[in-house]
> 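Take this structure first; my questions come after.
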Amino acid sequence: MSGSGGADRKSKKGNRAQVWEEAGGEFYQESYPGATTSTSNENADTADAAAHRDAAAHLATMLPSKQAQHTMGKATTRRSRNEGKQSTRKRTGNRSRFNTVRRESNINDVHVSVLPDFAVENIPNEERTWEEIMQIKAMPVNMAQKRELKAKLKSATKLRLQGFEQLKWQRRKFWQRCKSNWKEFYTKLELWQGSLKTIEGNFGIGVVSYFLFVKWLMFLNIIIFALTFFLIVLPSAILEPGQLGQCDPAAEDENNTSIACCADKYQEYTSSNNNFFYDLVQGTGWMEKTLLFYGYYTNDIYTLNKEYKLFYDLPFAYLVTALLYFLVSLIAIVKSAARGFRERIIEGEGQFYQYCNLIFGGWDFCIDKLKGAENKHKAIYNEIKGCLEAERLETEKQNRSKKEKCQLLFSRSMVNTGIIVLLLVSMVTIYLVFTLSRSLLREYQKAEKHFLLFFEFMPSLMIVSLNLLLPLLFSFLVTFERYSPIVVVRITLLRTIFLRLSSLGVLGASIYRLVSCDRKNGCNCEEEVPLCWETYVGQQFYKLAVTNALTGIAVTFFVNFPRAMLAKHFENCRFLKFIGEQQFELPNHVLDVVYSQTLCWIGSFYSPLLPAFAVIHCFLTFYVKKFACLINSRPPSQVYRTSRSNYMFMAVLLISFVAAAIAVGYSLAEVKPSRACGPFKGDEPVWNTVKLSFAKLPSWIQGFAFFLGTAGFTMPTIVILLLALYYYNAVTAANRQMVLVLRRQLVLEGHDKQFLLSRLSTIIKQQQQERLKNAIPPPPSEFDTLLPPPPPEVMNSS
Amino acid sequence: MGQGSSQFSEEELQDYQDLTYFTKKEVLKAHQKFKALAPEKVGHNRNAKLPMSKIMSCTELRVNPFNDRICKVFSSSRDGDCTFEDFLDMMSVFSEAAPLTVKAEYAFRIFDFDGDDMLGVEDLQQVIERLTGPQHLSDVDTKQLIQNLLEEADLDDDGSLSYAEFEHIISKSPDFTSTFRIRL
C-alpha cells in the first residue's frame with residue numbers, strides 16, 4: 001500500500017514537471033512572480049517581500065470563491081425553492097451533497113432568503129416545506145438559528161396538498177415516524193452495548209470491530225440453527241415415522257443383507273450398555289440415537305394429510321436444508337465483504353490516501369479512558385513512524401546490493417521450506433494418531449473407561465495442540481524473512497489458516513479412507529468400520545468442537561491469566577515480563593472464531609443440532625475474549641484500522657467457507673451413504689436424491705433446466721458477459737485518465753491564480769507609489785479597497 | 001427519566017428531534033449527561049451556559065486531544081462556553097446518524113486552528129502535535145509528513161487545504177466515519 005502511494009506521488013511529481021514544459025516553460029519561469037518571491041525567501045526576509053505576500057493574501061480573501069463561502073442560506077434555501085417543481089424524493093437526498101458551499105452564520109441573510117416569494121409558482125406546498133424542515137439539521141449553524149429557521153418555514157405561507165398528493169405525503173410522514181420508532185426500539189434491544197462501549201473506551205474502534213464480527217457470526221449461527229431446527233429436527237420429532245420394512249432373516253443370505261436388516265443390526269449396536277457421562281461427552285451409545293446425530297433421521301416420507309396428499313419428504317428436506325444454510329452463509333459473507341470491498345476499490349480509484357486517512361481519521365473520538373488515550377497516542381506515533389520508515393525502506397530496497405538480495409532470497413526459501421516440512425509432519429502426525437486411536441480402541445475394548453475416553457479424544461487433542469503450538473513457531477520463523485509489518489501479519493495469517501484447514505482435511509481424508517471401500521456385501525466394509533459412518537463423522541466433529549471450545553476457555557483462564565498477573569505484579573523482573581506480557585493479537589483470535597465456524601459448517605450436515613452448540617459457543621466466546629482483551633493483554637501497539645480489519649475477517653471467513661463447502665459437497669456427490677441409518681440409506685450417493693426429485697418435476701421445467709445447460713445458451717451468455725466486462729474495464733481506464741488530466745488542469749489553474757494575484761498586487765503597489773511620488777491626491781478608485789493601507793516606511797522614503 | 005421529560009415540553013422535544021440526528025430518548029439522555037456536569041445550575045435553567053472547563057471534563061471529551069477546539073467550534077458565543085443546545089448539536093454531529101458531509105464540515109472547523117478557512121502548514125503541524133501526544137515527532141519527520149499530506153491532498157498546489165479538498169479526501173478515507181463518532 002505504501003508502495004503504490006509512493007509510486008503515485010512520484011508520478012505526480014513527474015506530472016508537475018510535465019506541466020511546466022507543456023505550459024511553455026520559458027514564459028512561466030521568467031515572469032512568474034512566485035519564482036522571485038521564492039528566491040527572496042532564501043535571502044533575508046525583507047519587509048518588501050513580506051508586504052508583497054501580505055498584499056497577495058489580502059487580495060485572495062476577496063476572491064468570489066472565498067466570498068461564496070461566507071454567505072449562508074442563500075444558496076440552499078433559494079435553490080431548494082426553485083427546484084420545488086421538479087425535485088423528486090431522490091434529489092432531496094443528493095441536494096446536501098452538492099452543497100460544497102460552506103456557510104458561516106449570518107442571521108440577516110437568513111431573514112432575507114427565507115422571506116416568502118410571492119410569485120404564485122414559487123409558493124411551496126406542505127410537502128416541500130416539510131422536506132426543507134427535515135434538511136435543516138444538516139446545516140452547520142447553531143441550534144438557536146436552526147429553531148428560528150424552522151419557525152420561519154413553518155409560519156410561511158404554503159399551499160395545502162389535495163387528494164392523492166395529500167395521501168402520499170401522509171404516508172411518507174408516517175413511514176418516517178415508523179422508522180425512527182423502530183430505531184429507538186432496536187437500540188434498546190441491542191446486545192452487549194455496555195461491553196462494547198467499555199472496550200471502545202479502552203482500545204478504540206479497531207478492536208471493537210472484532211467483537212462486532214463475533215456478534216455477527218452468532219446471529220448467522222442462529223439463522224442456520226433456525227433452518228435446521230424447523231426443517232429437519234422438528235418434523236422428525238413430531239411426525240409419526242412410517243413403517244420400516246421388516247427384516248426377514250430367512251430370506252437373506254450371507255452375502256446380501258437388506259437395508260432393513262442393517263438398520264436392525266445398527267439398533268442393536270447402539271443399545272449396548274455404556275456409562276451415561278462418557279456417552280454424553282463422546283456422543284456414543286444413547287447419544288447416537290438422539291436428534292443430535294444423522295443416524296436418528298429416517299428416510300421416510302411423512303404423510304401430513306392423507307386426504308390432500310400432503311407429504312413431507314425428509315431426505316429431500318435434509319438435503320435442501322444443507323444447501324440452504326450454505327447459500328445463506330454465502331450471501332451473508334458476500335454482502336458483508338462487498339461493502340468493504342466496494343469502498344476500497346471504487347472510491348479509492350486505485351489510490352489510497354494513506355497519510356490523510358492516518359491523520360484525519362486517526363484519532364478515535366470514542367476513547368474516554370486515560371490509559372486508552374495514552375495508548376492511542378503511542379499507536380498513532382508508531383504508525384506514523386512506520387509509514388515514514390516504510391517509505392525509506394522502499395528507496396532502500398531498490399538500492400539493495402546483489403549480495404544482500406541473494407542472502408534474503410536464500411533465507412526466505414529456507415524458511416518457506418521449513419514451514420512446508422512442518423505442515424507435512426503435522427498432517428502425517430494427525431493421520432497416524434487417528435489410526436493409532438482406532439487400533440488402541442479395538443485392542444483395549446475391555447480396559448478402564450477413562451483410558452477409552454482418552455483414546456477417543458486423541459485425534460481431537462492432537463489437532464487442537466498443533467493449532468496452538470505451530471503458530472508460535474511460525475511467528476518465530478517469520479522474523480528471519482524480514483518482511484514489512486503488514487506483510488508479516490498477512491503471511492502468518494495465511495500460514496495459520498493453511499495449517500488449520502489442512503488438519504481438518506487430513507481428518508476428513510482419514511475418515512474417508514476408512515469408510516469408502518467396496519461394500520460387496522453386508523452392511524459395512526469390514527468388521528471395524530462403523531455401521532453408520534455419518535454419525536461417526538458427526539461424533540468426531542462434535543468431539544473436536546467440544547475440545548476446541550474447552551481448550552480456548554482453559555487457555556484464557558488458566559494459562560494466560562496467571563501470565564498476565566505475573567507480568568503485572570513483578571514489573572521489575574524482565575524475564576517474567578517477557579513470558580507474561582501478551583498483546584491482544586487480532587489475527588489469532590479471528591482464526592479461533594472462524595475455525596469454530598468452519599467446524600459448525602462441516603459438522604452441521606452430520607449433526608443437525610451442532611449449530612445450537614455453535615450459537616452457545618459464540619456467546620461464550622464474546623465474554624471469554626472480552627476477558628482476554630481487558631484483563632490479560634496490554635493494548636495493541638499497532639493501530640487496527642476498521643476498514644482493513646473487516647476486510648481481513650471476511651477474507652478469512654470466505655476461505656474457510658469455500659473449504660467447508662468443498663468438503664461437504666464432495667461427500668454428498670461421491671461417497672456412498674451407509675446402509676444402516678440416516679435419511680439416505682442405500683447404495684447411491686446423496687446427490688441421486690436430487691436427480692430423482694428433479695425427474696419428478698413437470699417436463700417443461702426439466703426442459704428449461706436442460707436448455708440452460710446446453711451450449712446454445714451458455715456460449716452466447718459467456719460472450720456477452722466478456723464483452724460487458726471489457727466495456728466496463730475500458731470505461732474505468734478512461735475515467736482514471738480523465739482524473740489525471742483534470743488534476744493537472746487544477747494545478748495549472750492554481751498556479752494561474754497565484755500568478756495573477758501577485759501581478760495585480762505589484763501593479764497596484766506601483767500605482768500607489770507613483771501617486772505618492774507625484775503628490776497627486778488619489779482619485780477615488782476601486783483599487784483603494786483592494787490593498788491594505790501602505791506601511792509607514794513607504795511614506796517616509798518618498 | 002420521568003424527571004427529564006417533565007423539564008421539556010413535547011413541542012420542544014419534537015423540535016430537537018427534527019433539528020438534530022437524535023430521537024427524543026437520546027435528547028433526554030444527552031440532557032442527563034449535561035446535567036451531570038453541573039446539577040444545580042442546570043436544574044435552575046435547563047439551557048444554562050457552562051464554562052469550557054466543565055464541558056471538557058465530561059467523560060466523552062476528557063481525554064480527547066481536540067477537546068478545546070471542539071468546544072470552541074460548537075459554542076454559540078465562540079468562546080468555548082456551551083449551552084445545552086450547543087452540547088446537543090455537538091453530540092448530534094458526532095452521532096452515527098449524521099452524514100459524512102456534516103461531519104466533514106465540522107471536522108474542518110475543528111482542525112482549522114487559526115480560523116482562516118484553510119488548513120495551512122501551521123494548522124497541520126498543530127494537528128500532528130496533538131495527535132502524537134507526549135511523544136514528539138522530530139522536525140524532519142514532521143516536515144516529511146506534512147509534505148506527504150499536501151502531496152496527497154492539495155490539488156491546486158497552493159500550500160494549504162481548502163474545504164473542497166478536505167471534503168474530497170475525507171470522502172476517500174474509509175476510517176473517518178467510524179472514528180469521528182462519539183457514542184452517548
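Order of the sequence lines sets the chain letters (A, B, ...), proteins ahead of strands, with each chain counted from 1.
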> With a 4.5 angstrom heavy-atom cut-off, is it the side chain or the backbone of Ile146(B) that approaches chain A, or both, or neither?
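Answer is neither: Ile146(B) stays 4.5 Å or more from chain A.
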> Tell me, side chain or backbone of Lys197(A) under 4.5 Å from chain B's heavy atoms, or both, or neither?
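Looking at Lys197(A), just its side chain touches chain B.
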> Does any backbone or side-chain atom of Ile128(B) lie under 4.5 Å from a heavy atom of chain A? Answer side chain, backbone, both or neither.
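Only the side chain of Ile128(B) comes within 4.5 Å of chain A.
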> Top residue by heavy-atom pair count (under 4.5 Å) with chain B, among Asp364(A), Ile359(A), Ile384(A)?
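Most heavy-atom pairs within the cutoff with chain B belong to Ile359(A).
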> Who are the side-chain hydrogen bond (donor to acceptor under 3.5 Å, both in side chains) partners of Gln17(B), not counting sequence neighbours?
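Partners of Gln17(B) by the side-chain hydrogen bond (donor to acceptor under 3.5 Å, both in side chains) criterion come out as none, since no residue qualifies.
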> Assess, by modelled atom type and distance only, whether the side chains of Tyr16(B) and Glu85(B) contain a donor and an acceptor separated by less than 3.5 Å.
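On atom types as modelled, these side chains qualify, holding a pair under 3.5 Å.
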> Using a cut-off of under 4.5 Å for heavy-atom pairs, which of Val102(B), Asn64(B), Asp156(B) has the most such pairs with chain A?
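Result: the option with the highest number of such pairs is Asn64(B).
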> Assess whether side chain to side chain donor-acceptor pair (under 3.5 Å) is satisfied between Ser76(B) and Lys49(B), documenting all intermediate values.
CA-CA 10 Å; Ser76(B) 33; Lys49(B) 190 176 227 179; 5.2 Å; no
> Side-chain contact test, heavy atoms from C-beta onward, threshold under 4.5 Å: evaluate it for Cys356(A) versus Glu152(B) and give yes or no.
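Yes, their side chains come closer than 4.5 Å.
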> Residues two or more places apart in sequence or in another chain: which of them pass side-chain hydrogen bond (donor to acceptor under 3.5 Å, both in side chains) with Asp68(B)?
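So Asp68(B) forms a side-chain hydrogen bond (donor to acceptor under 3.5 Å, both in side chains) with Arg130(B).
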> Counting heavy-atom pairs under 4.5 Å with chain A, which one of Leu61(B), Thr59(B), Leu137(B) comes out on top?
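Max contact count across the listed options: Leu137(B).
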> Can you find a heavy atom in the side chain of Thr129(A) that is under 4.5 Å from one in the side chain of Lys154(A)?
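No, every pair of side-chain atoms sits at 4.5 Å or beyond.
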> Give the member of Phe176(B), Tyr21(B), Tyr106(B) that has the highest number of heavy-atom pairs under 4.5 Å with chain A.
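It is Tyr21(B).
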> Using heavy-atom distances under 4.5 Å, tell me whether Arg183(B) contacts chain A through its side chain, its backbone, both, or neither.
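Arg183(B) touches chain A through backbone and side-chain heavy atoms alike.
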> Which bit of Asp86(B) is near chain A, if near means a heavy-atom gap under 4.5 Å: side chain, backbone, both or neither?
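The answer is the side chain of Asp86(B).
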> Measuring heavy-atom distances to chain A, does Ala98(B) have an atom under 4.5 Å in its side chain, in its backbone, in both, or in neither?
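Neither part; nothing is under 4.5 Å.
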> Quick check on Leu388(A) against chain B: is it the side chain, the backbone, both or neither that has a heavy atom closer than 4.5 Å?
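Leu388(A) touches chain B through side-chain heavy atoms alone.
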> Does any heavy atom of chain A fall under 4.5 Å from the side chain of Leu100(B), the backbone, both, or neither of them?
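Nothing of Leu100(B), per the 4.5 Å heavy-atom cut-off to chain A.
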> Counting neighbours of CG on Asn45(B) that are heavy atoms of other residues, nucleotides or ligands and sit closer than 6.0 Å, is the number greater than 12?
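Atom CG in Asn45(B) is crowded, with more than 12 foreign heavy atoms closer than 6.0 Å.
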> Can you tell which of Glu200(A), Gln745(A), Lys385(A) has the highest number of heavy-atom pairs within less than 4.5 Å of chain B?
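The residue among Glu200(A), Gln745(A), Lys385(A) with the greatest pair count is Glu200(A).
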> Between Phe360(A) and Phe166(B), how do the two ring planes meet: parallel, tilted or perpendicular, split at 30° and 60°?
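Phe360(A) and Phe166(B): perpendicular rings.
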> Give me the atom names and distance for the closest heavy-atom approach of Glu165(B) to Leu155(B).
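Minimum heavy-atom contact is OE2-N, 3.2 Å.
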> Taking every heavy-atom pair that is under 4.5 Å apart, which of Asp368(A), Val208(A), Ile133(A) has the most such pairs with chain B?
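Among the listed options, the one with the most contacts to chain B is Asp368(A).
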> Please determine, among Thr177(B), Thr83(B), Asp141(B), the option with the most heavy-atom pairs under 4.5 Å with chain A.
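Looking at each option in turn, the highest pair count goes to Asp141(B).
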> Can you tell me which portion of Phe180(B) sits under 4.5 Å from chain A's heavy atoms? Options are side chain, backbone, both or neither.
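Both backbone and side chain.
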> Please work out which of the three classes, parallel, tilted or perpendicular, describes the rings of Phe94(B) and Phe74(B), given edges at 30° and 60°.
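Taking Phe94(B) first and then Phe74(B), their aromatic rings sit tilted (interplane angle of 30° to 60°).
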> Among the options Val127(B), Ile170(B), Leu145(B), Val93(B), pick out the one with the most heavy-atom pairs lying under 4.5 Å from chain A.
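Most heavy-atom pairs within the cutoff with chain A belong to Leu145(B).
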> Which class fits the ring pair Phe66(B) and Phe365(A): parallel under 30°, tilted 30 to 60°, perpendicular over 60°?
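Phe66(B) and Phe365(A): parallel rings.
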